[in-house]
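Scroll down for the structure; my scribbles are underneath it.
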2 protein chains.
Amino acid sequence: MSTLKDVAKRAGVSISTVSRALADNSHIGEKTKERIRQIADELEYSPNYIARSLKTKGSMTLAYLIPDIENLLYPSLAVAVEKQARALGYSLLLCNTFDDPDLMNKYVRQLQSRFVDGFLFSTSLRKGLNNEAITYLKSLNYPCVSLMRNSPDNTDSVIVDNTLGAEKAVDFLVAQGHREIVFIAGSDNLELYQERFAGYKKGLKKHSIPYSDELVWPGFKGTQRIVSQVAKEKIESGKCPKAIFCASDPLAIDLLKTLHDCKLSVPEQVSVIGFDNLRVSEIFYPSLTTIEQPFFEMGKAAVKLLVAQIENPNKRNEPNLIFETKVIVRESVKLSEVK
Amino acid sequence: MSTLKDVAKRAGVSISTVSRALADNSHIGEKTKERIRQIADELEYSPNYIARSLKTKGSMTLAYLIPDIENLLYPSLAVAVEKQARALGYSLLLCNTFDDPDLMNKYVRQLQSRFVDGFLFSTSLRKGLNNEAITYLKSLNYPCVSLMRNSPDNTDSVIVDNTLGAEKAVDFLVAQGHREIVFIAGSDNLELYQERFAGYKKGLKKHSIPYSDELVWPGFKGTQRIVSQVAKEKIESGKCPKAIFCASDPLAIDLLKTLHDCKLSVPEQVSVIGFDNLRVSEIFYPSLTTIEQPFFEMGKAAVKLLVAQIENPNKRNEPNLIFETKVIVRESVKLSEVK
DNA sequence: GTGCTCAATGCAATCGTTTGCATTACTGGA
DNA sequence: TCCAGTAATGCAAACGATTGCATTGAGCAC
């Protein structure tokens with residue numbers, strides 16, 4: 001690895017001249033620049049980003065902290081984030097945190113002192129349990145934005161209108177003639193699941209459908225999905241509704257399999273609607289009718305927000321960017337015939 | 001952000017003393033150490049990793065270059081790699097490269113000059129097209145290991161015996177009484193798919209089943225999966241075999257859907273076996289019988305190999321670590337009754 | 001009291017850049 | 001011919017840590 005010094009020696013000029021020549025600084029003569037560039041090429045000079053960062057306190061790098069890379073949601077988001085980051089000249093580092101607060105802390109401190117310019121995170125904020133890593137970043141006034149999660153400390157965030165989305169799901173089912181709608185709930189320490197639950201109840205109310213706790217089946221026990229067992233029990237005890245709204249696509253997919261195992265046909269006997277529109281949801285059969293979150297746009301928006309923070313540290317933007325959901329009609333919901 | 005200097009000033013000692021005290025160096029008196037630690041705590045000192053790396057030329061960080069994070073294979077590998085890396089005291093950075101040579105080059109140069117200690121990659125080596133980024137790393141004698149891909153320049157690699165795996169798939173189908181076995185091929189510029197194809201042919205031969213090109217259906221056109229169209233055409237023209245061996249699970253999943261759409265029941269009318277054992281393969285219905293690659297162990301082994309390289313730069317290990325596959329019996333292959 | 005050892009601490013160079021300021025060299029106008 | 005003005009270049013101080021070597025001073029044996 002050759003350094004500026006090596007190039008300078010070979011070119012018979014000072015280090016600063018080389019530095020400026022390669023940065024295409026206007027104070028250096030054209031022929032000198034050309035000669036230096038040539039020598040740098042010959043010596044295969046490549047800048048030491050560490051040294052540069054030490055001086056400039058920046059790195060043109062963003063980090064995206066992912067709670068669980070095996071959750072199908074995040075890879076899609078990561079791709080969107082990566083593409084937009086690159087479009088704006090930044091590199092992206094991905095870190096899988098397993099939602100472990102200690103690990104997040106470690107990553108954040110490490111990356112921050114490596115001059116990562118800003119952070120994106122989709123961390124699952126558990127109720128009550130405040131996230132130390134984020135509080136720390138905010139206390140330093142470090143650029144960061146929360147993606148798919150609303151966040152405390154009024155961090156900028158890019159989210160989806162979960163309540164309205166869930167309401168749309170209910171609207172859609174009702175429009176297809178369903179009035180007996182079971183809700184499979186997400187894990188209850190995630191705010192986004194509570195919002196979807198609220199939207200479900202709101203939807204029922206709007207259509208004057210009486211709500212009862214019986215209508216809600218738990219989809220999670222802690223971080224474990226238990227839809228399959230729950231659904232099996234309910235069905236075996238004869239309580240199978242005509243329509244089921246799942247708080248997320250993974251829940252819906254599990255349910256689809258359970259229904260298949262129970263020899264219930266979808267959508268003829270039971271209609272199922274999900275929430276997310278993961279890429280796999282389309283290839284299941286019946287393909288899943290679901291509520292789409294515009295991942296790609298959201299990822300891009302989050303990066304734009306973050307870069308805006310980095311480049312204008314003083315200016316504050318809107319704290320929350322809220323995206324709209326959309327019903328994606330596929331095969332898992334039986335359509336009303338009159339329609 | 002306070003620095004060593006700040007702590008030193010407050011403690012009334014020199015910077016070196018602070019540095020040594022915090023590193024628990026034996027040349028520093030116990031009471032001094034204690035006092036310095038206390039002050040460091042008060043000032044919330046946290047080391048500047050950049051500056052440290054500039055000096056030590058290391059960072060206790062590994063990077064894993066992933067070709068396509070949306071491919072279900074890689075998140076699983078990433079988790080294995082991450083866990084093992086952490087167990088050995090290293091952090092892991094993930095980079096999605098879309099298999100773009102320029103992008104890989106950029107990431108490698110950036111990370112390498114940020115003193116990432118070693119690289120893992122699962123890059124899809126296209127035939128002929130040599131990968132510049134890897135050649136570059138090798139020329140620097142930089143620690144790196146290839147995961148799931150055999151690699152040129154005799155880079156250490158952790159791979160699976162694809163040929164034998166494919167042979168096992170054929171063996172299994174034959175043992176279940178199938179002798180008409182179609183192979184759905186992977187994209188032909190990936191060596192691993194060629195090996196699976198070779199294993200398929202070897203398997204046929206072993207059981208004295210005549211091979212013909214008719215038996216091979218293309219699964220890819222470039223990087224695009226085209227199984228669905230191909231299978232549909234073949235089936236509509238009346239050529240539906242009793243058993244199909246897909247070169248990968250994603251192909252098998254696509255096929256399962258196509259068969260479902262064509263109203264062919266699996267495994268009653270057609271048996272399907274895949275290769276990979278992705279996590280989703282289990283939740284499809286019928287659940288997919290497939291050839292398992294031990295992702296988790298492979299990811300761990302790759303990290304161990306890499307760290308061995310980092311810590312003993314001189315010693316050379318075995319260039320290739322070859323793992324064994326295993327048949328995972330689920331529902332998509334009809335079992336022979338006599339068995 | 002002198003000399004010696006050894007533990008504790010400080011000095012200063014170093015890593016590879018960037019950058020404000022100083023310096024040099026060249027140009028053209030008077 | 002001389003000077004001002006500007007373009008081109010170099011010097012040296014940062015950035016924040018690590019570390020070999022020098023220094024200090026206390027303790028101890030003689």
Side-chain angles (χ1 to χ4, degrees), chain A residues 1-40 43-61 109-117 140 142, chain B residues 1-40 43-61 109-117 140 142:
Chain A
M1 289 301 317
S2 45
T3 69
L4 280 189
K5 202 170 167 185
D6 302 327
V7 178
K9 194 177 292 169
R10 176 84 145 254
V13 295
S14 77
I15 294 181
S16 6
T17 304
V18 177
S19 173
R20 280 189 264 250
L22 295 177
D24 206 18
N25 180 299
S26 64
H27 286 285
I28 305 293
E30 266 314 322
K31 345 91 214 176
T32 323
K33 269 189 200 170
E34 194 39 57
R35 198 165 52 89
I36 287 176
R37 271 195 284 256
Q38 172 121 9
I39 293 175
L43 297 183
E44 293 191 313
Y45 167 78
S46 139
N48 183 315
Y49 292 88
I50 283 253
R52 176 182 291 173
S53 290
L54 184 58
K55 193 74 191 145
T56 63
K57 309 223 173 287
S59 63
M60 296 304 280
T61 305
R109 272 155 215 269
Q110 253 186 226
L111 291 171
Q112 174 250 352
S113 94
R114 288 215 161 76
F115 298 119
V116 158
D117 297 310
L140 262 63
Y142 216 90
Chain B
M1 290 297 321
S2 45
T3 70
L4 280 190
K5 199 171 170 184
D6 302 327
V7 178
K9 195 178 293 173
R10 175 83 145 257
V13 295
S14 77
I15 293 182
S16 6
T17 305
V18 177
S19 172
R20 281 189 263 252
L22 296 177
D24 204 19
N25 180 299
S26 64
H27 285 284
I28 305 293
E30 265 316 323
K31 344 96 214 168
T32 324
K33 271 190 201 171
E34 194 40 56
R35 198 164 53 86
I36 287 176
R37 272 195 282 257
Q38 174 121 8
I39 293 175
L43 296 184
E44 293 191 312
Y45 167 78
S46 137
N48 183 316
Y49 292 88
I50 283 253
R52 178 182 289 174
S53 290
L54 185 57
K55 193 75 185 131
T56 63
K57 310 226 171 281
S59 63
M60 294 306 280
T61 305
R109 272 155 214 271
Q110 253 186 230
L111 291 170
Q112 173 250 351
S113 93
R114 288 215 160 77
F115 299 119
V116 158
D117 297 310
L140 262 64
Y142 216 90

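Naming convention: chains lettered A, B, ... in sequence-line order (proteins, then strands); numbering from 1 in each chain.
Checking C:dG16, C:dC11, C:dT19 against every side-chain atom of B:Ser16, the shortest atom distance belongs to C:dC11.
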(message) Please evaluate residues B:Glu34 and B:Lys31 with respect to the criterion salt bridge (charged side-chain N to carboxylate O under 4.0 Å, His left out), reporting the C-alpha separation (whole Å), side-chain torsions for both, the decisive distance (0.1 Å), and the verdict.
(response) CA-CA 5 Å; B:Glu34 194 40 56; B:Lys31 344 96 214 168; over 6 Å; no
(request) Please assess B:Asp6 against B:Tyr45 for the test side chain to side chain contact (heavy atoms under 4.5 Å, CB included), listing each intermediate value before the final yes or no. (result) CA-CA 9 Å; B:Asp6 302 327; B:Tyr45 167 78; over 6 Å; no
(request) Output, in order, the C-alpha distance, side-chain angles, deciding distance and verdict of side chain to side chain contact (heavy atoms under 4.5 Å, CB included) for B:Leu140 and B:Gln112. (result) CA-CA 10 Å; B:Leu140 262 64; B:Gln112 173 250 351; 3.2 Å; yes
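Heavy atoms of A:Ile50 sit nowhere under 4.0 angstrom from any nucleic acid atom. Across all strands shown, A:Thr3 has heavy atoms under 4.0 Å from sugar-phosphate atoms exclusively, and none from any base.
The only member of A:Ile15, A:Ile36, A:Val13 that meets side-chain contact (heavy atoms from CB on, under 4.5 Å) when paired with A:Val7 is A:Ile36.
Phosphate contact (OP1/OP2 of D:dG10, side-chain N/O of A:Thr17, threshold under 4.0 Å): present. A close approach under 4.0 Å does not occur between any side-chain nitrogen or oxygen of B:Ser19 and OP1 or OP2 of D:dA17. Look at A:Ser14 and you won't find any side-chain N or O under 4.0 angstrom from OP1 or OP2 of D:dC11.
A heavy-atom distance below 4.5 Å is not found between the side chains of B:Ser113 and A:Ile50. Looking only at side-chain heavy atoms (C-beta outward), A:Arg114 and B:Asn48 stay at 4.5 Å or farther from each other.
Nearest-nucleotide mapping onto DNA chain C: of B:His27 and B:Phe115, the residue sitting toward the 5' end is B:His27. Mapped onto DNA chain C by nearest heavy atom, B:Asn25 and B:Lys55 fall at different nucleotides, with B:Asn25 at the one closer to the 5' end. Of the two residues contacting DNA chain D, namely B:Arg20 and B:Leu54, the nearest-nucleotide position lying further toward the 5' end is that of B:Leu54.
Nucleotide C:dC15 holds its P atom 19 Å from the CZ atom of A:Arg52, rounded to whole Å. Here C:dG10 presents its C1' atom at 17 Å from NZ of B:Lys9, a figure rounded to the nearest Å. In this structure, B:Ile15 places its CD1 atom 8 Å from P of D:dA17, rounding to the nearest Å. Atom-to-atom, CG of B:Leu4 to P of C:dA12 comes out at 18 Å; the value is rounded to the nearest Å. Following rounding to the nearest Å, B:Tyr45 (OH) and D:dG16 (C1') show an atom-to-atom distance of 8 Å. Remark: P of C:dG16 and CG of A:Leu22 are 16 Å apart, rounded to the nearest angstrom. Remark: P of C:dA25 and CD1 of A:Ile28 are 16 Å apart, rounded to the nearest angstrom. Rounded to whole Å, atom P of C:dG16 lies 14 Å from atom CG of A:Leu43.
Side chain to side chain, A:Ser14 and A:Thr17 meet the donor-acceptor criterion of an N or O pair below 3.5 Å.
Non-hydrogen atoms lying under 4.0 Å from DNA chain C are contributed by nothing in residues 29-38 of chain A.
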